[in-house]
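Written out below as C-alpha cells is the structure these notes cover.
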Amino acid sequence: MSDVIRLLPDSVANQIAAGEVIQRPASVIKELVENAVDAGAHSIKIILRDGGKNLIQVIDDGCGMSETDARLAFERHATSKIKNAADLFDLHTMGFRGEALPSIAAVAQIDLRTMRKGDSIGSRLEIAASKFERQVADACPAGTNLAVKNLFFNFPARRKFLKKDSVELSHIIHEFERLALVNPDKEFLLVHNDVTLHQLLPGSMKQRIVDLFGKALDRQLIPVSTETSLVKITGFVSHPENARKRNQLQYFFVNGRNMRHPYFHKAVLSCYEELIPGDHQPNFFLNFEVDASTIDVNIHPTKSEIKFENEAPIWQILVAAVKESLGKFNAVPAIDFESTDTIDIPVFNPTSTPAFNQLTESDYNPFAPGKSDAKTPRSEAVPSSRFSGRSSSHASSLNDWDKLYSDFQSGGDAVTPDAEPEPIESALNSFLTDSVAPSNLNSTLDLDMEENAGTEGAGLLQLKNKYLVVPSRNGLMIIDRHRAHVKVLFERYSEMAAKSSPESQQVLFPETVTLTPATQAIMEVILPEINNLGFDLSYLGDMVWAINAVPASIGKLNPEDVLHKIIENMSEETGEAGTVVRHQVALSMAKAAAVQPGQTLSQAEAESLLSDFFSLPDPAFTPDGLPTFLTVDTSEIASRLEHI
C-alpha cells in the first residue's frame, strides 16, 4: 500500500489560511492598513468600489519594497517583522505571521506598485489566485500602492454569501474607525465609489474621536489617565447620562493594537453600576501600554484576542482609574442624607414604657381587616405570639388562609377592556382544526378547555411574566409570550408593508436620530422600505435624521429605538433590497414592539394575545425560526414525579 500523507501545495495552503484571515472585504483592509503602519506611513488612502467586492486599494507613503522583497512578500510565512521565536514575546509591529498577503493573493487579483525611498525606479507585480503573472519595472511614487480586485472571484460560493454592498461597507467603516482611532497621528482618507467618506488629519486622540463620531461627543467624554509599574492607561469614558442602549462606542487598545477583552469590558461596566439603567452601556476609548513581553497576541490569526500576564492586577487598576475619573468630574451620585428610606431612630426617654410591653394582646391577628393601614403604630405590627404563649384558638384563627388567597384564586386583574377578546376556547379550536397547521399539532396539543368553560381565563396561567401555560388533555402547553407576540406582530406589519398607503401618525415635535457612519450606509439603502411601513424620515445632514411620522400601530414605542433595532438586524442580512429588506424591517419592528419578558399583562390582554396567536395559520415558529411553544405530556410529568 502506498503512502497516503502528502505535502499540500503552497497555493492550497494559502487558500486554507485565507478562510481564517480573510473573511470579508473589511479583513483585507485591516491587514493592508496594518502593513502600511508597520512600514512607517504617515498618510494612508483607502479607495473602494462596490463595498470592497470589486476593488480595495490601499496607498501609503511608507518605506516601500525592493523588487525582490515585493515578490517574496507573497510567499507563505515570509515577513520582515520577526526573525526567530524569541521575537514573538517582544512584538512591536502589527503583523508578524506572514500570512496576510499570500492569503489575499489566493482569493483575489493583486496589482502591486512599490518603490523604496531614494530609489529611482519601482516595481509592479501582478498575481491572480496565488499564480504569479508578471513583474516589471515601474515609475511610481515612493511607498506602496496595492490594489485587490474581484475578491473571492475564484470562490463563487464565498463571493455569493458576501452581504449587500451597504452591509459590507458598514463593516469596512467599523474596521476603519478602529484603525483610525489607534493611529491618531496618521492621516487617513476613505473613498467609496468616488465619494469621500472620511478625511482625517493627524491630531490627538480626542480630536480623532470627534472627527469620526461627531462633535456631540466632545462634551460627553471624561479623560482617564493612570500609570503604574504594570500598565499605563489613558483614554476617555462617557458621562453616565450619555450611556446608550445600542451602537455603543467601546474600544480597547493595547500597545497600538485593537483588542477585544470581555474581562476588562466587565471591569468598565462595573464602574457604572447604579449610575445607568441596566439596558444601557457607556462609551469608552481606553488605551493600555504594557511591557510587550507580558502579553501574548499570537492567539488567533486576526490578532484581536490578547492574553495578559497580569490580568487581575490590571483589572483593579482599570476599575480604580475609571472610578476616579467619574468622581473627579462629578459623574457619580451624591449621598442623600435626607432620603425617606433612612432609619427612624427615636429619642431616648427614660420615663416611657418599653414598646414590647404593649405587645401582649392575645387577640392580635395580622390578617384581620384594618391592621395593614399605614398609620398603625410600629408596636402593633408584631404578633404577640413572639412574646407570649399562643392559645390553640388563636393559632386556629391565624391558619385561616382563605381570605389571603381569595384574590389569587379569582383570576387576578379585574380590569376589563372595552372590547372583549375572542374566547380562548374558540381560538384554540379554530387553530386545531386549521388545515394549514402542522399535521401533528392536533394530537400533540389537544387542548382541554371544557372543564373551565364556566370561568373565563381559568385555564390560562401566566408564569414569571414570561410564559403562558395552557392545560391540554395530554398535559401542558407552555408558550413563550414574547415569541408569540413577535409572530403576531410580524404578520400584521407584513400586511402593512404590502399596502400602498400604510397608516401613519404625524409626530407633533419631530424627533432626531443620530447615526454613525456605518449605520448611515445601511439607512440609505433601507429607507424606501422603512417609509413603506409608515415612517416619514428626512435627512438633516451630518448623519442626523428627523422622524416626522411613525406607523399608526407602533403604539408607545420609542421610534428611535425601533429604527436602531431595524438597522442592527439589517447589518447581518443577506440578499438585495426588496422582499428581504421588507421581511427584515417587519421582523425588527415586531421584536421591538412585542411584549418583553418581565412585562406585566392583565388576564384579558394575555387571553387576547393567545387568541391572536392561535388564529395564525402557522404559529409554531417565529419568522427567524425560533420555536414559540413546547408541550409537556402527563406521562412525562408522572415519570418525573416517580423518580423524586
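The basis for the numbers below is simple: all heavy atoms, side chains too, and nothing from hydrogens, waters or symmetry mates.
- In this structure, the side chains of V544 and V513 stay at 4.5 Å or more apart for every pair of heavy atoms.
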Trace of the side chain to side chain contact (heavy atoms under 4.5 Å, CB included) decision for R71 with L125: CA-CA 7 Å; R71 178 70 180 272; L125 180 69; 4.2 Å; yes
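- Side-chain atoms of D60 and S43 include no donor-acceptor pair closer than 3.5 Å.
- In this model, a donor atom of one side chain and an acceptor atom of the other lie less than 3.5 Å apart for Q281 and Q250.
- Note on K131 versus E133: no salt bridge recorded, every NZ/NE/NH1/NH2 to OD/OE distance being 4.0 Å or above.
- A salt bridge links K487 with E491: at least one charged nitrogen is closer than 4.0 Å to a carboxylate oxygen.
- Outside the 6.0 Å centre-distance limit, the rings of F132 and F74 are not counted as a close aromatic pair.
- Considering CZ of R49 and NZ of K149, their distance stands at 11.5 Å, rounded to 0.5 Å.
- Aromatic ring pairs are classed by plane angle as parallel below 30°, tilted from 30° to 60° and perpendicular above 60°; the pair H261 and F308 is perpendicular.
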Test log, rule salt bridge (charged side-chain N to carboxylate O under 4.0 Å, His left out), inputs R124 and D111: CA-CA 7 Å; R124 181 174 183 178; D111 186 353; 2.8 Å; yes
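- Aromatic rings of F176 and H198 (six-membered ring for Trp) have centroids within the 6.0 Å cut-off, being under it.
- Using a 4.5 Å heavy-atom cutoff, the side chains of L146 and L101 are in contact.
- From T144, atom OG1 reaches atom CG of D61 across 10.0 Å, with rounding to the nearest 0.5 Å.
- Looking only at side-chain heavy atoms (C-beta outward), N255 and I295 come within less than 4.5 Å of each other.
- Residue F153 places its CZ atom among more than 12 non-hydrogen atoms of other residues, nucleotides or ligands, all under 6.0 Å distant.
- Salt bridge absent: K164 and E168 never bring a charged side-chain N and a carboxylate O closer than 4.0 Å.
- Aromatic ring centres of F288 and F252 lie closer together than 6.0 Å.
- Here the two rings, on F285 and Y251, have centers that are under 6.0 Å apart.
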